[in-house]
Amino acid sequence: MSLESLDPTIRKIIKDSYPQIEDLNPAQKAVVEAGLLDEKENFIIAIPTASGKTLLGVMAALRTILEGGKVVYTVPLLSIQNEKVKEFKKFEEHGIKVGKHPSSADLAVMVFESYDALTRFNWNTLSEVDLVIVDEFHMIGEYSRGPTIECAITRSRIINPGMRLIALSATLQNMEELSTWLGARVVEHDYRPVPLYQEVLNTEEYGTKNKNDVILHILKDSMEESSQALVFVSTRRFTESLANYLAGKIKRNLPAEKKKTFKMVAEKILDVPRRRGSLPTEVCLKLAECVENGMAFHHAGLFDRQKEIIEEEFRAGNLLMITATPSLMYGVNLPSKNVVIRDYTRWTSQGPQPIPVFDYLQMSGRAGRPGYDKEGYSYLIGKTLSEAEQLQYQYVYGEIEATNSKLLENRDAVYRQIISQVAAGMARNLDELMEFFQGTFSGFQMTHSEYSSLFASDTIQFQVKEALDFLTEHGMIQAVPDGLRATAFGMLIAKSNYAVQTAVRLKEFARSGGEVDMSRLVYEICRTPDLIPISFKGRKSRDPVRDRLNQAGLFVVDVGNDEATAATLMEWMDERSEYEIENAFHVYAASTRRAAYEASQLAKFHREICQVLGIYTGLDSMEVLAARLYYGVKEELLPLVVGIKRLGRRRARALVDAFGTDLRYVSREELLRIEGIGPKTAENILKKYHARD
């Protein structure tokens, strides 16, 4: 089986879209020969990272689409969704529509949550889907996103039993269990296009007590051979301190030409906040200083565009090393010849815990770039020789953990799935809910386990009944003569992607009575599980956050990230820049816009909750709050930023400071004197305001 033996149309699309691919590799050949393109049965494809899983999914997708079908390609993260949409857009040259929803595309790339929503309320569209490809299928065992894709698959198989499913995965230990649940054929292969060599190093052999000196040695070796390195550490602060340490050690040895390239990348980094109307924050300056010496750190506290620049420049060979938190292992495709895992513990609610073998393999698997490197090297670092031997046994030779469903462990996931089933009309009583949960991977594992099969049904029933009591108590589900029914409040939750705990918190706040205090509403939103908090950078005084909340009439005892987020959003609505917010509160202010956007959506959600509860006090104020959060402005600027597309808060403030809020009598020439106002924007302003005359 070779590329040349494929259907000519599929071969043509692949050659045009992936000109670097000359032929199928051994793993891809094994999967195709197993019947991927000829059979209609479900498949689980388990091959190493960078071995061409995506191409296998693409070939199956093209086959289905060319036969007149529709395909959904599901992924766990937005970053992967954007990467895949960009990659698949090349197919449009061959008449294949690519998008993010199957109602308007032949090939739709959807995140797990969006696909789950499709299975709940878009049955007509779901019934038209012939093939679902689940990328990163191993995440079915992950706590937060795992239950979402698990239940979406379960629901899909009930609503559209003729739909085919192809799961793309890393190697899993309990593959037989997963394949039996899915009724799928498994094809496993150990081929890697770039051989991977895994080593465990220790500080003793390098005559030091500091792991960072071992990484410096690896960095110098990679510089000599013109390769790159990715280093995984456990926290944001560690990514920064390590990059800074290494930058200081190598800056005197960098060639002038390299320095020039690094300087160019650093300027791009600094340009991101400037374009947003903010001076570079302390974190931006630190990042740019590291980048000037070929080092970059990568974590959630950076501007999104800065992370993109780091990824793009690293791929282009314009950075020597990235120090990153483990979240990068699940993100965009960013391989490197060398991967270093410095920290093999992670902080949890039970304190520091060793990372799973699976995570070690995911990080190690980033080593070796197909098309660039002949081999990849991963280095795990221990302190002593004896610790290194233990790590070798535990991780390099260790067995991957079994992939177990987290559905019943995740209470909010159970709540959401019950509401979804009832709201969608798929379950009207306890027996029908039980039938659904027994059909999930969680139910399959429990009923087929030698340890839990005897009491599996009782356990599931207990969990479902307990969840039903909670949902009934909080007014989301009610018992009616013909069974269970979702209330208006329950329907609102079912049609959202918000956690049930978020809805409960906002409902209780809505019912607290009296005039709605918008500052307190912002604080309540910041305490919901759906708003990713803005984090403190270190252990500096938290009094400025406490003072800002006091100023808003909020008196708190403990000041954590939720409080920092609330104070940040209040300053954001007062038109403070990220630079000013970071200096005021010592937080990772680059996350402000992302948090403000999510908070604005939650403010709208709270408004909808009030409406379904029959609480109409303060609805207009909530709408204003949502807009202020979204645009980051005081109320007086809202007519301008809402009415003039892409004006933005900085230019809106300059206009109001110069002319006041009434622009009916301002001339084109006067508008053009304002910094940043060009002819097109001036024309839009004149159209809006002069039309009132």
Side-chain angles (χ1 to χ4, degrees), residues 113 143-144 147-148 349 409-420 422-423 466-478 486-535 545 549 552-570 573 591 594-619 621-623 625-626 628-630:
E113 290 78 9
Y143 180 82
S144 58
T148 303
S349 53
E409 290 177 32
N410 186 331
R411 297 302 298 157
D412 208 89
V414 174
Y415 297 151
R416 281 199 59 77
Q417 295 305 327
I418 290 175
I419 291 176
S420 296
V422 173
E466 193 175 58
L468 263 177
D469 290 344
F470 176 88
L471 297 172
T472 306
E473 180 189 339
H474 287 280
M476 299 171 208
I477 286 176
Q478 59 185 181
T487 63
F489 181 42
M491 286 297 293
L492 180 65
I493 298 164
K495 289 184 176 180
S496 80
N497 276 325
Y498 291 125
V500 173
Q501 297 289 2
T502 291
V504 169
R505 177 176 281 281
L506 294 179
K507 179 205 72 171
E508 288 175 350
F509 178 73
R511 285 189 166 160
S512 58
E515 283 295 313
V516 184
D517 181 337
M518 290 302 141
S519 294
R520 184 159 288 282
L521 175 54
V522 170
Y523 183 41
E524 288 302 314
I525 285 170
C526 292
R527 296 170 72 195
T528 65
D530 282 293
L531 191 72
I532 298 171
I534 293 166
S535 304
V545 166
L549 296 181
L554 298 167
F555 301 97
V556 296
V557 178
D558 297 320
V559 177
N561 289 340
D562 292 347
E563 289 69 31
T565 308
T568 293
L569 294 181
M570 289 171 191
M573 289 188 291
S591 309
R594 190 162 59 243
Y597 170 76
E598 293 299 341
S600 75
Q601 300 306 301
L602 282 162
K604 290 178 185 176
F605 184 54
H606 180 263
R607 188 175 185 276
E608 291 174 328
I609 289 172
C610 289
Q611 287 176 304
V612 300
L613 295 177
I615 300 168
Y616 301 109
T617 309
L619 292 183
S621 298
M622 291 171 211
E623 201 164 350
L625 175 67
R628 287 188 62 202
L629 283 163
Y630 185 86

- Distance (rounded to the nearest 0.5 Å) between M491 CE and M476 CE: 14.5 Å

- In this structure, CD of E608 is separated from CG of L619 (nearest 0.5 Å) by 11.0 Å

- How many angstroms lie between CD1 in I493 and NZ in K507, if you round to the nearest 0.5 Å? 8.5 Å

- Message: Using every non-hydrogen atom in the two residues, find where G490 and I419 come nearest and quote the distance to one decimal.
- Response: O-CG2, 3.4 Å

- When you look at Y498 and L602, which way does the side chain to side chain contact (heavy atoms under 4.5 Å, CB included) test go after all the steps? CA-CA 9 Å; Y498 291 125; L602 282 162; 3.5 Å; yes

- Would you indicate whether the side-chain heavy atoms of M570 and L554 approach each other to under 4.5 Å? yes

- Task: Would you confirm whether N561, through its side chain, and S535, through its main-chain N or O, come within 3.5 Å as a donor-acceptor pair?
- Result: no

- Which atom names give the shortest non-hydrogen contact between L613 and A510, and what distance separates them? CD1-CB, 4.4 Å

- Distance col, row E598:CD vs T528:OG1, nearest 0.5 angstrom, shows 9.5 Å

- Message: Please find the pair of heavy atoms, one from Y143 and one from R411, that lie closest to each other, and give the distance.
- Response: OH-N, 4.4 Å

- Query: Atom CG in L569, atom CD1 in I525: separation rounded to 0.5 Å?
  - Reply: 8.5 Å

- Query: Taking all non-hydrogen atoms of both residues, which atom of H606 and which atom of F509 are closest, and how far apart?
  - Reply: NE2-CD2, 3.5 Å

- Message: With a 4.5 Å cut-off on side-chain heavy atoms, are L492 and T487 touching?
- Response: no

- Message: Has T472 got a side-chain atom pairing as donor or acceptor with Q478's backbone, closer than 3.5 angstrom?
- Response: no

- Task: Could you pull out the closest heavy-atom pair between T502 and P529, with the gap in Å?
- Result: OG1-CD, 3.2 Å

- Verify the neighbour count for atom CZ of F489: are there more than 12 heavy atoms of other residues, nucleotides or ligands below 6.0 Å? yes

- Query: Do S621 and V516 pass the side chain to side chain contact (heavy atoms under 4.5 Å, CB included) test, and can you show the C-alpha distance, the side-chain angles, and the key distance before you say yes or no?
  - Reply: CA-CA 8 Å; S621 298; V516 184; over 6 Å; no

- Task: Give a yes or no on whether I532 atom CD1 has more than 12 heavy-atom contacts from other residues, nucleotides or ligands under 6.0 Å away.
- Result: no

- From CA spacing to verdict: side chain to side chain contact (heavy atoms under 4.5 Å, CB included), M573, L625: CA-CA 9 Å; M573 289 188 291; L625 175 67; 3.6 Å; yes

- Item | Worked verdict on M622 versus M518 for side chain to side chain contact (heavy atoms under 4.5 Å, CB included) | CA-CA 7 Å; M622 291 171 211; M518 290 302 141; 4.0 Å; yes

- Query: How many angstroms lie between atom CG of D412 and atom OG of S144, to the nearest 0.5 angstrom?
  - Reply: 11.0 Å

- Query: Under a 4.5 Å cut-off applied to non-hydrogen side-chain atoms, are F605 and D530 in contact?
  - Reply: no

- Item | Where A467 and V414 come nearest, the two heavy atoms and their spacing | CB-CG1, 3.8 Å

- Polar side-chain atom of S591 near backbone of I534 as donor-acceptor pair, under 3.5 Å: no

- Which is it for E563 and Y523 under the side-chain hydrogen bond (donor to acceptor under 3.5 Å, both in side chains) test, yes or no, and what are the steps along the way? CA-CA 7 Å; E563 289 69 31; Y523 183 41; 2.5 Å; yes

